[in-house]
Each structure stands twice: as C-alpha cells, then as structure tokens.
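Pasting a structure below so you can have a look.
It should be emphasised that the depicted structure is a prediction, and the values quoted were computed from it without experimental measurement.
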Amino acid sequence: SFQEIFPLLISGPSLTLLMFKLTDDLEQTKLVQYQPNDNSGEHIWQDTYVVRDCIFHALSSLASSPPDADKIKKNPFHSKVVLVGTHRDQLMGSEDEKKATIERCAQSILSWLRHSKVFKSIDVSSVADLVTDISNFDSSDIKKIKKKIETLISQRESQNIPAPWLVFDFVLRKYAMSHKIRKVERTVCEEIAALCGIKSDEIGAVLHYLHHVAGTLLHYPDISELNHCVITDFQLIFDSVSKIIIQYFESSAHLSERDLRHKKGQFEASALKEVSCCLNVSELLALLKHRHIVSVLGEGSFFMPSLLPKAKTEPSPADSCSFLVMFECGWCPVGLFCAATTRLIVSHEWEFNKSE
C-alpha cells in the first residue's frame, strides 16, 4: 500500500536509490504476508510480486511527470536513479563468479530498458555502471554509492542562485534541527529571510524555488490549511502516511476476510488523531487530498484506494469494463490507480455512502 502512494509524495527534483537483492531471481514470483502484532500466527493480507516488475513499475513512475509539473515548466527536470544491488556478500561462488552474476543481472535489466525510450532517468549506455553492487558488511561500498551520486549531481545543469537564498535555506533547516521541529511557521520563515537580506515581497519566490527546483522543503501557498507553514523534513510526510496504513491493517487484524473487504479502504477522520506527527488532522488531510492519495466520501469519512485488498482471481471479461491503457514505456506507473481513482471521484463530485 505504501509503495502504491510513494510516487505521489515525491515533490521537486529527486535522486532515487532503487535497491534490490542480488540473490533474488529477477523474474521469480515472491509471496508477502502481513501479520498483526498479537503473535496469533494468522495473516490477514497477502500479495505476490516479481522483482523485475517492481523495478520497472518504479522507473515508470519516475519517468512520469511530477504532480506539480505545471508549476516548474521553466525548470524541467528528470528524476535521477541509481540501481543498487545489495547482499553481494551472500552470492555463491568465487569473486569472478559473483562478478559474472552481477553482469548477467545488469545485462537483463539493460535489455528490458532498451525496449523503451522514456527512461531518461537512468543511464543505459554502459552495462558495467548500470548496477552499483554493495555488500552488507563492507563500509567502503558506501563510497561507491556516494561517488555515483556525486557524478549524477555534477551532470545537472548549473544555475545562478542568489547567495541570500542559499543562506536562508541553510539557516532555516538549522533552525528546525536546533528546535527539534519538522515544520516552521511562515512568519518565522519571513523573520529568517529578513536576517538573510531577503525582501518581504521576495520570500514567495524563494520558497517556490526551494520547493520545486532545489527540492529541499515543501510549501503550499495555494492550500489554505498549509500555507501558514513550511515543511523542512520530508520524512514527516512518509511517517504520517505509513502510520495511517499500519493503523488501518492493525484495526482490521481480527476481521474476517469478508468484513475486511467490506471496509473497502475507508477510514474516519477520527482515526487520524492517533497518528502522531507534527501535522494536525486538517493539515494532513489537506496534503493527502492535494496529492490525490485520499478522497472525501462524506462528513468525516475518507477513501484511500491503495488500501483496497487485491482480488484473488482475475475478473472475467464480462465483469471488466472496456478500458485499455497503453504506456509507451510498457509498464504501468506505480500510483496510477490511486491517483486516477481519487481524481475521478473529485472531478465528478460523486456522492457515496458507506455501503457503496
């Protein structure tokens, strides 16, 4: 469920470390089971996945336009990706045999990548540099990843940024860290900006740049519930959403499969009060709606499509609507179902009741 909405949380330019185990067969189907914390031994959720599909669905999402693309047309970007193969130390055989295994893995990924022209986020020119392999216990491997990141950053087009803007960004995050907070009030930002020599009528442009171009903070001037603050720690958003998902399944731990399906991804606003984060309920809901993660079903009731349980069997042609979507990259972007469903509900202003 979290993977389904993760692309909807990415804002501004990003560099993604896409990690997978080198010991896994890229085309093998794997089973995932969710178990409650009561040690009952029963699982209430299970799903299957293929490593190759996970990699390419994620790449497809990153190749798609970000939610705020219309606001950054003057500064277009492509999310950069580093493919990291972990658990090299658990590969069987000699060093030469391990190297051959990694090269075969890279060659397989490269062959799939070359079927599409839209994966601009990853360099497919060299098999040797395609997968950065690391061991679980070799700290020197971290240097390999850092070097890769530095190379990608150096390739980005340089921009002339006013020095006061950079100072403001540094001081603001330093302020948040020293006060152990994850969001800063807009009024405080304006005070810090003034100390950095930034005029009051310029602060909007500074926050817009740091959000959409630099990607170091989040500011939503067009959302009434959030325009009073600046979020300096992205982990705040990830933690809040993951807690909602965990809480949903924990509360469903003792439900029968029929009752679980009857919940249909719905939750009440009151449940969000138990989600411990720096955002209050109205702020968190405003952000989730803006990112097309939830839809409003009624007074105090909300719907998160990514919480829907997966059907055990494929629907028959008679039960399916004649809706076919083709993607140039050949892989459906992760998050498409969630975003498309919430957009349809909002755009048509459908009215629902809990039994529907």
Would the distance check show the side chain of His179 and the main-chain N or O of Tyr175 forming a donor-acceptor pair, the cut-off being under 3.5 Å? yes

Nearest heavy atoms of Cys229 and Lys183, plus distance in Å: SG-CD, 4.2 Å

Pair Leu210-Trp165, side-chain contact (heavy atoms from CB on, under 4.5 Å): steps then yes or no: CA-CA 9 Å; Leu210 294 177; Trp165 294 20; 5.6 Å; no

Side-chain touch Val188/Val230, heavy atoms, less than 4.5 angstrom: no

Please tell me if the side chains of Val171 and Leu195 come closer than 4.5 Å, counting only heavy atoms from C-beta onward. no

Glu225-His290 side chain donor-acceptor pair, cut-off 3.5 Å: no

Considering only heavy atoms from C-beta outward, does the side chain of His228 approach that of Glu185 to under 4.5 Å? yes

Within a strict 4.5 Å, meaning less than it, do heavy atoms of the Phe302 and Leu288 side chains meet? no

In terms of hydrophobic clusters joined by side-chain contacts under 4.5 Å, are Met177 and Phe170 together? no

Counting C-beta onward and ignoring hydrogens, is there a side-chain heavy-atom pair between Lys21 and Val51 closer than 4.5 Å? no

Any chance you could measure Leu207, atom CG, to Asp169, atom CG, to the nearest 0.5 Å? 10.0 Å

How long is the span from the NE2 atom in His212 to the CG atom in Leu218, to the nearest 0.5 Å? 9.0 Å

Any side-chain heavy-atom pair from Phe56 and Val50 closer than 4.5 angstrom? no

Closest non-hydrogen contact found for Val294 with Met304 is CG1-CE, 3.8 Å

Of Glu103, Arg104, Lys99, which is the lone residue that meets side-chain hydrogen bond (donor to acceptor under 3.5 Å, both in side chains) with Thr101? Arg104

Please report the interatomic distance CD1(Ile223) to OG(Ser282), rounded to the nearest 0.5 Å. 11.5 Å

Could you state the interatomic distance from CG (Leu31) to OH (Tyr49), rounded to the nearest 0.5 Å? 9.5 Å

List the steps and the verdict of side-chain contact (heavy atoms from CB on, under 4.5 Å) for Ile109 and Leu26. CA-CA 9 Å; Ile109 295 176; Leu26 295 180; 4.0 Å; yes

Under 4.5 Å between any side-chain heavy atoms of Thr341 and Ser295, yes or no? no

Within a strict 4.5 Å, meaning less than it, do heavy atoms of the Glu190 and Arg186 side chains meet? yes

Can you tell me how far OG of Ser224 sits from CG of Asp222, rounded to the nearest 0.5 angstrom? 10.0 Å

Closest approach of Val184 to Ala176 (non-hydrogen atoms, all atoms of both residues): CG2-CB, 4.1 Å

Shortest non-hydrogen contact from Ile203 toward Cys189: CD1-O, 4.3 Å

Can you give me every donor-acceptor pair (side chain of residues 86-95, partner residue at least two apart or in another chain, under 3.5 Å) with its distance?
{"unit_1": "Thr86", "atom_1": "OG1", "unit_2": "Phe20", "atom_2": "O", "d": "3.3"}
{"unit_1": "His87", "atom_1": "NE2", "unit_2": "Asn136", "atom_2": "ND2", "d": "3.3"}
{"unit_1": "Arg88", "atom_1": "NH1", "unit_2": "Asp133", "atom_2": "OD2", "d": "2.9"}
{"unit_1": "Arg88", "atom_1": "NH2", "unit_2": "Asp141", "atom_2": "OD2", "d": "3.2"}
{"unit_1": "Asp89", "atom_1": "OD1", "unit_2": "Ser135", "atom_2": "OG", "d": "3.2"}
{"unit_1": "Asp89", "atom_1": "OD1", "unit_2": "Asn136", "atom_2": "N", "d": "2.9"}
{"unit_1": "Ser94", "atom_1": "OG", "unit_2": "Glu97", "atom_2": "N", "d": "3.4"}

Smallest separation among heavy atoms of Pro221 and Asn227, with atom names: O-CB, 3.5 Å

Just how far is it from atom CG of Leu22 to atom SG of Cys105, taken to the nearest 0.5 Å? 6.0 Å

Closest heavy-atom contact between Leu236 and Arg182? N-NH2, 3.1 Å

Check step by step if salt bridge (Lys or Arg N to Asp or Glu O under 4.0 Å) holds for Asp239 and Lys243. CA-CA 6 Å; Asp239 290 347; Lys243 286 179 180 179; 5.9 Å; no

